[in-house]
Peer 1: 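One structure, pasted below without further comment.
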Amino acid sequence: MSKLVGFIGTGSMGRTLVEALIRSEALRPSEILISNRTRSKAQALAESHPGIRIAESNAELVREADWVFLCIKPRDYREVLDEIGIWAGKDQMMISITSPVMIRDLEAVLPSKIAKIIPSITHAVLDGTCLFIPGSRLTLQDREELLRLLSAIGTPLEIDERHCRVASDLASCGPAFLAHFLEQLARTAGEVTGLPRETAIPLVIQMARGTARMLTKGGFSLESLQERVAVPGGITREGLNLLEREFDPVLNRLFRLTHAKFAEDVEKVRQSLHGAESKG
């Protein structure tokens with residue numbers, strides 16, 4: 001890639017991104033510079049991938065890197081931006097992975113080119129969707145280069161920032177929601193019928209894998225797959241009727257909950273970055 005790419009924050013998602021980019025050969029370890037508040041986490045990542053360098057500070061990282069991924073929690077943005085702001089350049093790209101941090105707020109405090117991506121844990125297997133929201137300063141070349149990098153670890157999808165939360169619910173939170181549903185499906189089957197857990201868990205995992213293949217490679221849509229399995233008057237149809245009555249309202253509450261939390265986090269970040277200005 002011939003760029004030095006920095007990662008501020010090597011927690012769960014920061015590490016996932018770094019390792020996916022190395023595994024896909026989109027980046028060589030020598031093209032990666034990292035920093036983390038807990039240095040031992042950065043050291044563990046560097047030891048796993050010889051060639052990665054650890055910056056002594058976030059400021060040092062920003063002084064050296066061409067692109068900087070901000071893989072930090074919303075509450076940490078003010079502190080990090082205070083540290084790196086004077087070193088950020090107008091030709092440098094800053095890529096936030098934090099959904100409640102709005103692009104307009106970052107553009108207001110940094111001179112750099114700004115982009116936002118929402119990655120997924122599925123990038124660990126070089127799959128899934130990476131949401132992409134370009135800032136106003138990105139050139140066509142910037143967009144193409146970033147999309148090319150993201151394409152190595154999944155399927156990038158450009159979205160409007162106003163859809164960031166709901167798209168994140170599906171692409172980024174979705175794997176956890178789906179895993180929880182599968183776990184509950186297996187657990188409840190055991191509680192009701194006595195089916196051993198060691199039998200139920202492989203059943204639901206293999207079922208999920210086969211279903212995914214049918215939807216991605218077997219020519220089925222979500223609707224046609226349900227129609228194929230759920231014959232009128234059959235057991236599956238009765239089960240789907242129950243889910244529509246009882247489960248659909250739960251999903252409605254789920255999206256309302258995530259959006260309420262998102263709005264709260266957006267305002268907290270804005271207050272942190274701009275203080276009283278955000279009320280104007």
Side-chain angles (χ1 to χ4, degrees), residues 7 9-21 23-24 26 67 69-74 93-103 106 114-135 138 143-184 204-205 207-218 220-223 225 247-248 250-266 269:
F7 292 82
T10 57
S12 177
M13 191 51 71
R15 179 167 187 143
T16 295
L17 276 174
V18 169
E19 294 189 323
L21 289 165
R23 186 176 301 115
S24 68
W67 289 4
F69 283 83
L70 299 170
C71 307
I72 53 180
K73 294 180 175 64
M93 194 189 307
M94 297 282 182
I95 304 133
S96 169
I97 73 164
T98 313
S99 62
V101 180
M102 298 289 101
I103 284 178
L106 289 177
I114 305 296
K116 180 157 74 175
I117 69 166
I118 307 299
S120 169
I121 194 171
T122 55
H123 300 331
V125 291
L126 309 184
D127 210 334
T129 301
C130 187
L131 304 177
F132 167 61
I133 306 165
L138 263 62
R143 293 162 64 106
E144 290 176 348
E145 289 183 351
L146 182 54
L147 287 171
R148 191 178 306 120
L149 184 73
L150 299 177
S151 295
I153 62 172
T155 303
L157 175 67
E158 184 173 339
I159 62 167
D160 190 296
E161 193 170 28
R162 63 195 174 94
H163 297 141
C164 178
R165 180 63 264 154
V166 66
S168 299
D169 288 340
L170 299 176
S172 188
C173 302
F177 295 155
L178 182 58
H180 178 77
F181 177 75
L182 295 174
E183 182 183 32
Q184 292 297 98
V204 297
I205 291 175
M207 173 274 294
R209 184 171 70 175
T211 301
R213 287 179 63 84
M214 293 184 74
L215 292 170
T216 57
K217 298 181 179 180
F220 283 86
S221 67
L222 294 171
E223 295 80 5
L225 182 55
F247 194 50
D248 287 7
V250 171
L251 294 178
N252 186 284
R253 297 204 305 271
L254 173 66
F255 288 116
R256 291 182 183 278
L257 181 150
T258 60
H259 276 64
K261 179 65 167 63
F262 178 68
E264 179 183 323
D265 288 346
V266 167
V269 170

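Because the structure is a prediction, the values reported are computed rather than measured. The first residue of the sequence shown is numbered 1, and numbering continues consecutively from there.
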Peer 1: Which value, rounded to the nearest 0.5 Å, describes the distance between Cys164 atom SG and Asp169 atom CG?
Peer 2: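 So the gap between those two atoms works out to 9.5 Å.
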Peer 1: May I have the step-by-step check of side-chain contact (heavy atoms from CB on, under 4.5 Å) for Cys173 and Thr258, ending in yes or no?
Peer 2: CA-CA 10 Å; Cys173 302; Thr258 60; 5.9 Å; no
Peer 1: With heavy-atom distances below 4.5 Å as the criterion, would you say the side chains of Ser168 and Leu131 are in contact?
Peer 2: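 Touching, per the 4.5 Å side-chain cut-off.
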Peer 1: Can you list everything that forms a side chain to side chain donor-acceptor pair (under 3.5 Å) with Glu161? Sequence neighbours excluded, please.
Peer 2: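 With sequence neighbours excluded, Glu161 shows a side chain to side chain donor-acceptor pair (under 3.5 Å) to Lys116, given in chain and number order.
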Peer 1: In Å and rounded to the nearest 0.5 Å, what is the OG1 to CG distance from Thr155 to Leu147?
Peer 2: 11.5 Å
Peer 1: Answer yes or no: is there a side-chain heavy-atom contact under 4.5 Å between Phe69 and Ile117?
Peer 2: yes
Peer 1: Less than 4.5 Å apart, side chain to side chain, heavy atoms only: is that true for Val269 and Met102?
Peer 2: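 No - every pair of side-chain heavy atoms lies 4.5 Å or more apart.
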Peer 1: With heavy-atom distances below 4.5 Å as the criterion, would you say the side chains of Ser120 and His123 are in contact?
Peer 2: yes
Peer 1: How far does CD1 of Ile97 sit from CD1 of Ile72, to the nearest 0.5 angstrom?
Peer 2: 9.0 Å
Peer 1: What distance separates Leu150 CG from Ile95 CD1, expressed to the nearest 0.5 Å?
Peer 2: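 Nearest 0.5 Å value for the CG-CD1 distance: 8.0 Å.
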Peer 1: Any sub-3.5 Å donor-acceptor pair from His180's side-chain atoms to Phe177's backbone N or O?
Peer 2: no
Peer 1: Would you give the length of the straight line joining atom CD1 of Ile133 to atom CD1 of Ile118, rounded to the nearest 0.5 angstrom?
Peer 2: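 Taking CD1 in Ile133 and CD1 in Ile118, the distance rounds to 6.0 Å.
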Peer 1: So does Ile153 get a backbone contact from the side chain of Ser24, meaning a donor-acceptor N/O pair under 3.5 Å?
Peer 2: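 Absent.
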Peer 1: Once rounded to the nearest 0.5 Å, what's the spacing between atom CG of Leu146 and atom OG of Ser151?
Peer 2: 9.0 Å
Peer 1: What pair of heavy atoms forms the shortest contact from Asp265 to Pro100, and how long is it?
Peer 2: CB-CB, 3.7 Å
Peer 1: Going by heavy atoms in the side chains, are Arg143 and Glu158 under 4.5 Å from each other?
Peer 2: yes
Peer 1: Parallel, tilted or perpendicular: which one describes the rings of Phe247 and Phe181, with boundaries at 30° and 60°?
Peer 2: tilted
Peer 1: Check whether any side-chain heavy atom of Cys71 sits under 4.5 Å from a side-chain heavy atom of Met13, and report yes or no.
Peer 2: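 No, every pair of side-chain atoms sits at 4.5 Å or beyond.
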Peer 1: Less than 4.5 Å apart, side chain to side chain, heavy atoms only: is that true for Leu21 and Phe7?
Peer 2: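 Sidechains of Phe7 and Leu21: in contact.
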Peer 1: Answer yes or no: does atom CD1 of Ile103 have more than 12 heavy-atom neighbours from other residues, nucleotides or ligands under 6.0 Å?
Peer 2: yes
Peer 1: Do the side chain of Ser99 and the main chain of Arg165 share a donor and acceptor less than 3.5 angstrom apart?
Peer 2: no
Peer 1: Is it the case that the side chain of Thr10 and the backbone of Arg15 share a donor-acceptor pair, with hydrogens and angles ignored and the cut-off at 3.5 Å?
Peer 2: no
Peer 1: Short question: side chain of Thr16, backbone of Ile121 - any donor-acceptor pair under 3.5 Å?
Peer 2: no
Peer 1: For a 4.5 angstrom cut-off between non-hydrogen side-chain atoms, does Thr98 reach Leu70?
Peer 2: no
Peer 1: Show me the donor-acceptor pairs, under 3.5 Å and distance only, between side chains in residues 207-218 and residues at least two apart or in other chains.
Peer 2:
residue	atom	partner	partner atom	Å
Arg209	NH2	Gln206	OE1	2.8
Thr211	OG1	Met207	O	2.8
Thr216	OG1	Ala212	O	2.7

